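Each chain gets a letter, A, B and so on, in the order the sequences are listed, and its residues count up from 1. Everything quoted here is computed from the prediction, not taken from an experiment.
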Amino acid sequence: GAGVSQSPSNKVTEKGKDVELRCDPISGHTALYWYRQSLGQGLEFLIYFQGNSAPDKSGLPSDRFSAERTGGSVSTLTIQRTQQEDSAVYLCASSFIAGGTDTQYFGPGTRLTVL
Amino acid sequence: AQSVSQHNHHVILSEAASLELGCNYSYGGTVNLFWYVQYPGQHLQLLLKYFSGDPLVKGIKGFEAEFIKSKFSFNLRKPSVQWSDTAEYFCAVYGGSQGNLIFGKGTKLSVKP
């Protein structure tokens, strides 16, 4: 596609519900990243995929967070039993290859509000 | 662990004023450095990046940044800002093994017409 797309653009949920956030990277990009942007916290790295594999999940803030990527393309970030502190904008980025020399292209984000 | 500091939280300028936004990183070895911009209601876009070579890097929309290794700095500059430069600016450094970027907390720039 022309750019990284994410859905939904906005999600309002009640505390304790599960949510799924979707990212569709740029076609041909093998690396995919999830970040979280909170007020006052800046951009926080969550997890990275090279192909379908996530080598290190230690950036996820709690075991309520999980992510998967299938077919080397679309990725889903799932938050179980949402809490108010999960409210943030969740950003997805992709790059052709993993590594600092390749530009990461960001999607528009999903704004999650947990009531 | 690598970290990035942006000194200014909010900068307010009049049109045609010169801009310099500070960015310092903590790691002293080889670094890959980036400036991203987020215009109101839009997604993060790359302004410029430095990997090696000429420490003065030119980006889009008249922006440039200078890598000064001895000062661990990568400040963003523009000689004359426009109202359309109103946005939030993020400095970032490549974090390493996971390919992730480490971002500063951002500087909000407001340009008065």
Side-chain angles (χ1 to χ4, degrees), chain A residues 1-7 9-10 23-26 29-51 53-60 67 69 88-111, chain B residues 1-10 21-27 29-53 57 59-60 65 67 74 87-108:
Chain A
V4 177
S5 60
Q6 292 184 246
S7 61
S9 55
N10 278 286
C23 171
D24 204 336
I26 292 172
H29 281 192
T30 63
L32 185 147
Y33 311 82
W34 284 98
Y35 295 85
R36 179 167 71 173
Q37 187 176 22
S38 309
L39 272 176
Q41 297 297 318
L43 279 130
E44 173 191 5
F45 169 68
L46 299 178
I47 193 168
Y48 140 74
F49 287 90
Q50 176 59 52
S53 173
D56 185 341
K57 301 181 180 180
S58 62
L60 295 174
R69 188 179 185 194
V89 177
Y90 289 82
L91 296 173
C92 176
S94 71
S95 62
F96 185 64
I97 57 170
T101 59
D102 205 44
T103 299
Q104 293 184 21
Y105 295 88
F106 283 80
T110 293
R111 181 175 298 277
Chain B
Q2 182 67 278
S3 65
V4 177
S5 299
Q6 292 184 242
H7 315 300
N8 311 101
H9 177 62
H10 191 185
L21 301 182
C23 172
N24 285 91
Y25 59 93
S26 59
Y27 179 61
T30 302
V31 286
N32 297 335
L33 294 156
F34 306 79
W35 275 98
Y36 279 84
V37 60
Q38 189 169 30
Y39 296 103
Q42 297 188 27
H43 59 276
L44 278 166
Q45 301 171 42
L46 181 71
L47 264 183
L48 48 80
K49 58 187 179 183
Y50 172 78
F51 297 149
S52 63
V57 180
I60 61 171
F67 169 61
F74 190 55
E88 192 157 15
Y89 293 80
F90 294 90
C91 182
V93 62
Y94 171 52
S97 62
Q98 294 201 68
N100 58 291
L101 295 174
I102 297 170
F103 285 87
K105 290 192 184 295
T107 297
K108 186 175 179 181

Quiz item: Looking only at side chains, do Gln38(B) and Gln37(A) share a donor and an acceptor under 3.5 Å apart?
Solution: yes
Quiz item: Checking Leu44(B) against chain A: side chain, backbone, both or neither under 4.5 Å from a heavy atom?
Solution: both
Quiz item: Taking the six-membered ring for Trp, are the ring centroids of Tyr35(A) and Phe106(A) within less than 6.0 Å of each other?
Solution: yes
Exercise. With a 4.5 angstrom heavy-atom cut-off, could you sort out which part of Gln42(B) is near chain A: side chain, backbone, both or neither?
Key: neither
Quiz item: Would you say the side chains of Gln2(B) and Ser26(B) form a donor-acceptor pair under 3.5 Å?
Solution: yes
Quiz prompt | Per-residue contact mode, Leu91(A) against chain B (heavy atom under 4.5 angstrom) | solution = side chain
Quiz prompt | Pairwise distance CZ(Arg111(A)) to OG(Ser9(A)) - rounded to 0.5 angstrom | solution = 10.0 Å
